[in-house]
Amino acid sequence: MASERQGHRSISSCILLVTVVLLLSAPGSSSSCYKRIFAFGDSIIDTGNFVYSTGSAPNALKEFPYGMTFFHHPTGRVCDGRVLLDFYAQALGLPLVQPSLPEQRWGQCTFGANFAVFAATALPPEYFQRRGLSIPGSANLGMQMGWFKEVVQRIAPEPGARRLLGESLIILGEIGGNDYNFWLLNNNKTRETAYQFIPDVVNRIISIAQELIDLGAKTIMIPGNFPIGCVPKYLNDHQTGNRADYDQFGCLRWYNDFSMRHNTALFNEVNRLRARHPWVKLIYADYFGAAMEIFKNPHRFGIGDPLVACCGGGGRYHVGTCDKHSAIMGSPANCANWDGIHMTEKAYNVIADGVLHGPYANPPLLHSC
């Protein structure tokens with residue numbers, strides 16, 4: 001009998017140990033250093049807001065091949081699978097962050113919410129209308145901030161809001177890329193004019209970061225822009241016969257230099273904001289540097305030609321509409337770009353790894369806890 005009781009105690013101890021391990025490793029468990037994620041941005045991290053906003057109207061994002069890799073069905077992500085936000089949530093032990101719009105008025109947002117929307121800009125449409133450019137009625141950063149404040153006020157009225165935000169990771173972007181894309185991909189516009197937008201785009205991002213700090217945020221990650229000179233849509237639309245226009249990786253020099261100017265301005269302003277708020281963790285994420293690893297050495301990641309879209313049309317860069325009728329160039333696991341503009345799950349995984357573990361975040365996201 002004694003040995004039988006000892007056996008029961010051993011089994012119970014094993015069950016308890018396994019239960020503890022499972023609880024600690026489960027998504028959304030208290031093992032995460034952040035209790036939730038609130039995210040702002042555009043199609044780079046939209047997890048379904050744009051698709052939800054279209055209602056029952058047909059849209060290519062609602063159909064295969066979007067979502068073919070990880071989810072095996074369309075999810076509203078502009079990708080074959082997971083986007084950057086998904087990798088951050090999984091690495092932090094949290095569930096995938098849900099789009100905010102479907103639950104804007106009633107959801108509890110237990111693990112946060114994603115306010116990012118396809119085609120969103122940092123600046124409002126009026127800014128561009130005054131400069132002769134009409135852009136889609138996108139959910140710009142100011143609109144997203146308004147949704148965010150509505151949700152926070154509903155789920156955690158003051159003084160609970162400050163505690164809620166203090167326990168959360170805020171991901172502010174990438175945002176601002178479309179402010180430049182709408183101009184630079186318009187053949188009727190002079191590209192040099194886009195330089196004038198940089199201070200306004202950066203100031204808008206920083207002003208929102210300041211507002212979040214005032215509301216109680218203690219950890220904010222602010223990513224820079226991607227190397228747009230390596231994006232197939234840019235390469236296709238701005239092809240030249242001058243070899244000097246391209247770098248050694250086949251990317252357009254002027255457009256990558258433009259992205260670096262934005263990133264330098266943003267990085268400097270993040271540092272100024274950090275100096276004013278030394279108790280706040282402000283993380284600058286270098287998406288440009290992380291992405292360039294792929295273009296410098298694609299074979300290291302099992303990628304073929306990183307300048308070619310996986311889903312699209314024809315030509316050197318396979319740029320065209322990505323929908324259920326489009327040809328897929330091999331496996332997305334061997335591609336860096338998905339649809340001519342957005343990257344594949346494989347590429348986002350590479351970028352996220354550089355942000356989570358370094359060296360492409362200051363400090364690395366997993367070291368910020």
Tell me every residue that passes salt bridge (Lys or Arg N to Asp or Glu O under 4.0 Å) with [X], counting only those two or more places apart in sequence or in another chain.
| X | answer |
| --- | --- |
| K233 | D237 |
| R261 | none |
| R272 | E269 |
| E63 | K324 |

Would you give me the side-chain donor-acceptor pairs under 3.5 Å for residues 71-81, sequence neighbours excluded?
residue: H72; atom: ND1; partner: M68; partner atom: O; Å: 3.2
residue: T75; atom: OG1; partner: R77; partner atom: N; Å: 3.4
residue: T75; atom: OG1; partner: R77; partner atom: NH1; Å: 3.0
residue: R77; atom: NE; partner: D86; partner atom: OD2; Å: 2.7
residue: R77; atom: NH2; partner: D86; partner atom: OD1; Å: 2.9
residue: D80; atom: OD1; partner: E345; partner atom: N; Å: 2.9
residue: D80; atom: OD2; partner: T69; partner atom: OG1; Å: 2.3

Test side chain to side chain donor-acceptor pair (under 3.5 Å) applied to [X] - qualifying residues, sequence neighbours left out:
| X | answer |
| --- | --- |
| N263 | none |
| N268 | none |
| Q90 | R82 |
| H342 | S43, D339 |

- prompt: What residues form a side-chain contact (heavy atoms from CB on, under 4.5 Å) with K149, not counting sequence neighbours?
  reply: M145, E211, L215

task: Could you tell me whether the SG atom of C335 lies less than 2.5 angstrom from the SG atom of C310?
output: no

message: Suppose the criterion is disulfide bond (SG atoms under 2.5 Å apart): which pairs have a residue in residues 143-254, not counting sequence neighbours?
response: C230-C251

Return all side-chain donor-acceptor pairs below 3.5 angstrom for residues 122-135, not counting sequence neighbours, or 'none' if the list is empty.
residue: Y127; atom: OH; partner: D200; partner atom: OD2; Å: 2.6
residue: R131; atom: NH1; partner: Y127; partner atom: O; Å: 2.7

